[in-house]
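Please read the structure below before turning to the comments.
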Amino acid sequence: MIFFTRHVRPEWALVMVTALWGASFILLSISLKGLSPALLVALRFIGGALVMALILRSRLFNLRKEDWIAGFSAGSCIFLGYFLQTVGLQTISSSISAFLTALYVPFVPLFQLILFRKRPGLIVSCGILAAFLGMILIMDPGRISFNGNFGEWITIASACFCALEILVLSHFANKCDPMLFCFTQLSTVAMWSTLYCLTFEDIRFKPTGATFVCLAILIGMIAFNQFAMSWAQKSVSATRAVLIYTLEPVFAGLIGWLVGEHMGWNTLAGGALVVLSILVSSWLPGYLKSRKRLNPSEAS
């Protein structure tokens with residue numbers, strides 16, 4: 001972890017997170033053949049919490065009240081995002097669910113403005129809009145029809161909690177040790193998902209060897225992802241972070257293409273728009289600042 005934080009830029013850490021998110025879809029689909037959904041989530045986060053506990057060891061005694069408040073806040077948002085999306089999927093199609101969940105992208109700057117009175121810059125705002133449009137293209141808008149039923153509104157609520165998770169991470173990141181923050185997040189999600197699994201789900205546990213392999217990889221991914229997000233969002237703003245997170249469907253589509261899935265024109269165009277929006281939003285502000293410093297007369 002120390003080597004990672006010293007030699008990796010925060011933005012690249014978040015790119016790595018989105019790449020792992022994109023790769024996780026295949027692993028999840030294999031795991032769900034042997035495990036029920038809530039049980040898979042519970043085992044994944046319990047495993048992630050145990051991995052972090054083994055890494056931290058004696059440092060767990062350094063946990064403060066603030067670490068638990070931060071982890072409980074972020075972890076509860078993570079769980080509610082998963083839970084409400086799962087509830088919504090019982091009555092709506094996966095394509096509509098994916099589209100509505102993607103609303104977390106414009107929700108982040110909206111909630112940041114409402115909760116923290118912080119307005120994103122024009123360039124970043126345009127980048128977020130372009131990235132969101134790119135995500136819609138990847139999801140093929142021709143298959144989407146919004147009917148306004150209960151499942152769709154529940155999925156919109158899920159997107160709200162996904163956006164709140166990013167804002168909560170940014171709010172607490174500079175107040176907490178990222179490894180301890182990661183542990184409290186994973187522990188909170190493990191607690192909520194276990195309670196849900198035991199209370200509401202018809203548990204299915206018929207694992208194969210492939211199930212255990214995929215589950216082990218998913219556990220490693222979730223531990224790394226939550227640590228990387230907690231660490232990177234110390235210096236990467238919530239609006240810049242959400243821009244990078246829009247790369248998830250791009251990586252998912254690319255990995256799907258590598259394993260033989262068809263990639264249509266809309267996926268290619270949407271992916272290009274997402275990547276372009278991130279590159280321009282990351283490069284243009286710095287370029288304009290340097291131009292202003294070199295040619296102060298142009299600013300007048």
Side-chain angles (χ1 to χ4, degrees), residues 4 8-32 40-41 44 48 78 81-82 85 94-95 97-108 127-141 143-144 158-159 162-163 165-166 169 213-233 236 238-283:
F4 176 82
V8 178
R9 286 181 57 85
E11 292 85 356
W12 282 110
L14 296 182
V15 171
M16 292 168 67
V17 167
T18 60
L20 291 175
W21 282 346
S24 68
F25 287 102
I26 294 174
L27 298 170
L28 287 169
S29 64
I30 296 172
S31 301
L32 286 169
L40 174 57
V41 173
R44 189 180 180 190
I78 294 169
Y82 275 95
Q85 185 184 47
S94 58
S95 59
S97 176
F99 169 73
L100 295 176
T101 302
L103 289 172
Y104 82 89
V105 175
F107 282 168
V108 166
I128 289 173
L129 177 60
F132 178 61
L133 293 174
M135 292 178 74
I136 293 175
L137 279 174
I138 293 172
M139 294 166 196
D140 191 358
R143 299 181 302 162
I144 297 169
S158 167
C162 290
E165 177 200 350
I166 295 170
L169 283 173
V213 171
C214 291
L215 182 60
I217 297 172
L218 287 167
I219 286 171
M221 281 183 176
I222 201 66
F224 171 81
N225 284 354
Q226 293 309 128
F227 164 74
M229 292 168 70
S230 301
W231 170 72
Q233 286 194 223
V236 179
T239 47
R240 287 181 64 200
V242 77
L243 253 177
I244 296 172
Y245 294 149
T246 59
L247 284 170
E248 177 191 357
V250 178
F251 282 116
L254 179 60
I255 293 168
W257 175 73
L258 289 173
V259 298
E261 294 181 4
H262 174 68
M263 184 180 290
W265 70 267
N266 55 297
T267 303
L268 293 171
L273 186 57
V274 168
V275 173
L276 184 63
S277 68
I278 294 170
L279 291 176
V280 171
S281 299
S282 300
W283 166 78

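Computed from a predicted structure; not experimentally measured. Counting begins at 1 with the first residue of the sequence.
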Closest non-hydrogen atom pair, [X] against [Y]:
{"X": "A232", "Y": "A13", "value": "CB-CB, 4.4 Å"}
{"X": "S277", "Y": "A130", "value": "CB-CB, 3.7 Å"}
{"X": "S31", "Y": "L218", "value": "OG-CD1, 3.7 Å"}
{"X": "P106", "Y": "F132", "value": "CD-CD1, 3.9 Å"}
{"X": "I78", "Y": "Q226", "value": "CD1-NE2, 3.5 Å"}
{"X": "C162", "Y": "Y104", "value": "CB-CB, 3.8 Å"}

Does any non-hydrogen side-chain atom of [Y] lie less than 4.5 Å from one of [X]?
{"X": "I217", "Y": "V213", "answer": "yes"}
{"X": "I166", "Y": "Q233", "answer": "yes"}
{"X": "V15", "Y": "F251", "answer": "yes"}

Sole residue of L133, L243, V108 in side chain to side chain contact (heavy atoms under 4.5 Å, CB included) with I128: L243

Distance in Å, [X] [atom1] paired with [Y] [atom2], rounded so as to fall on 0.5 Å steps:
{"X": "R44", "Y": "L28", "atom1": "CZ", "atom2": "CG", "answer": "5.5 Å"}
{"X": "W231", "Y": "L14", "atom1": "CH2", "atom2": "CG", "answer": "8.5 Å"}
{"X": "E248", "Y": "L20", "atom1": "CD", "atom2": "CG", "answer": "11.0 Å"}

With sequence neighbours excluded, residues passing ring pair (Phe, Tyr, Trp, His ring centres under 6.0 Å) with Y82: F45

